[in-house]
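Data block below; observations after.
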Amino acid sequence: MSNIYFTVGPSQAYPTIDKHIQSALKEEIISLNHRGKSFTSLYQSAEERLKELLSIPTEYSVFFLSSGTEGMEKVIQNTVEKYSYHIITGTFGDRFYQTAKELGKVASSYFFNPTEGFRAADVVVPENAELIAFTHNDTSTGMQIPMSEIYAIGKQNPDALIAVDTVSSMPAVDIDYPKVDAVFFSVQKGFGMPAGHGVLIVSPRAIEKAKKLSDAGVNIGSYHNFIHLQKYAQKFQTPDTPNVLGIYLLNKILGDFLELGIHTIRQSTKDKSTMMYDFFKNTDRYSPLVSDIEIRSDTTLVVQVKGGSKDIIENLKKQGIIIGSGYGENKNDHIRIANFPAHTLDDVNHLITALKNM
Ligand SMILES: *Cc1c(COP(=O)(O)O)cnc(C)c1O
């Protein structure tokens with residue numbers, strides 16, 4: 001029996017993945033030379049499809065990395081000489097902040113308690129901040145910062161670059177790219193793919209900054225610094241041997257998403273999250289950690305469970321439904337449920353029915 005994975009990442013495989021893996025084997029993708037014409041066509045196609053699906057301006061660059069976490073590191077190294085500022089809404093935002101400190105930057109932060117809401121007016125960005133780092137959807141808390149708030153903070157701080165971690169909200173999140181400078185995600189969440197592949201989208205302004213830092217003798221990293229990545233991306237290659245199978249599968253999944261249409265994907269995400277939140281609202285046992293609907297995640301729901309979550313998780317597992325436990329110290333108090341394009345309306349109904357019958 002196959003399980004349904006509502007875990008927040010890795011998560012449910014996108015339904016066409018089987019077929020695409022089969023065709024990858026048939027096309028001998030595993031042995032594909034990453035400097036050859038077939039590979040560069042593949043890179044170009046994946047980049048073009050991504051730009052089309054997400055309405056990314058042509059002058060923005062698309063880089064392939066190994067993970068979402070690597071995205072944090074590359075963004076800090078390549079855009080910050082000294083000062084970064086971090087909006088923290090959970091553990092992943094804190095990871096971004098710690099990454100900056102580990103890289104020797106002077107990082108400061110503002111922490112929002114997910115139960116108390118998000119007020120952009122509370123955010124006073126230090127004047128020297130070179131980068132403002134956001135986690136659009138913090139997977140540990142299920143708090144989602146409205147993009148409009150991110151743009152507003154960006155507008156008030158025109159000299160700072162804006163970075164957005166969208167690892168657990170892509171492709172559902174709708175971004176106005178000219179208002180941001182770095183956006184990254186990995187593929188084992190919203191793309192229903194095997195883990196081990198990351199995507200970083202950067203503005204010309206971010207690349208300029210990396211060049212400026214490098215010229216000034218600042219360490220911007222080695223093979224995956226923006227200058228190397230850009231030099232290779234211009235010929236649709238990567239500095240290292242990349243996850244070629246990952247790029248192949250991404251190109252295929254992007255094709256599937258384009259066929260479905262981004263509007264359909266986003267509307268369906270909203271419909272499914274509304275169904276789940278409506279169910280939780282009418283129970284005594286469950287309450288979403290984030291009560292303010294403006295900042296509540298559509299893609300990774302975090303729900304408090306009266307009496308603990310352990311039995312529920314185990315009971316669902318017996319029925320072939322795998323959901324996530326709470327993050328860190330909330331392991332036994334919360335459940336976490338992913339709502340990605342791979343999760344169908346039927347899957348969500350199935351989950352709700354199982355929870356009702358418990
Ligand atoms: C999962 C996750 C990451 C880490 O991504 P990896 O691909 O595992 O490195 C970063 N940020 C957020 C918000 C995540 O959910």
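Just so you know, these numbers use all the heavy atoms, side chains as well, and skip hydrogens, waters and symmetry mates. Counting convention: from 1, in listed order, for ligands and their atoms alike.
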ask   = Got a sec, which pairs hit salt bridge (Lys or Arg N to Asp or Glu O under 4.0 Å) with one end in residues 192-207, sequence neighbours left out?
value = D181-R205
query = Can you list every pair that meets salt bridge (Lys or Arg N to Asp or Glu O under 4.0 Å) and has a residue in residues 82-104, with sequence neighbours left out?
reply = R95-E102
message = Angle between ring planes, F96 versus H86, binned at 30° and 60°: parallel, tilted or perpendicular?
response = perpendicular
ask   = Should the heavy atoms of other residues, nucleotides or ligands under 6.0 Å from CD of E329 be counted, would the total exceed 12?
value = no
Between the protein and ligand 1, are there any N or O atom pairs that come within less than 3.5 Å of each other, and if so, what are their names and distances?
from, atom 1, to, atom 2, distance (Å)
ligand 1, 7 (O), G68, N, 2.9
ligand 1, 7 (O), S186, OG, 2.7
ligand 1, 7 (O), Q188, NE2, 3.1
ligand 1, 8 (O), Q188, NE2, 3.4
ligand 1, 9 (O), G68, N, 3.3
ligand 1, 9 (O), T69, N, 2.8
ligand 1, 9 (O), T69, OG1, 2.5
ligand 1, 11 (N), D165, OD1, 3.4
ligand 1, 11 (N), D165, OD2, 2.6
ligand 1, 15 (O), T139, OG1, 2.4
ligand 1, 15 (O), K189, NZ, 2.6

query = What pairs meet the side-chain hydrogen bond (donor to acceptor under 3.5 Å, both in side chains) rule with one or both residues in residues 182-202, with sequence neighbours excluded?
reply = S186-Q188
query = Counting heavy atoms not belonging to K37, are there more than 12 under 6.0 Å from its NZ?
reply = no
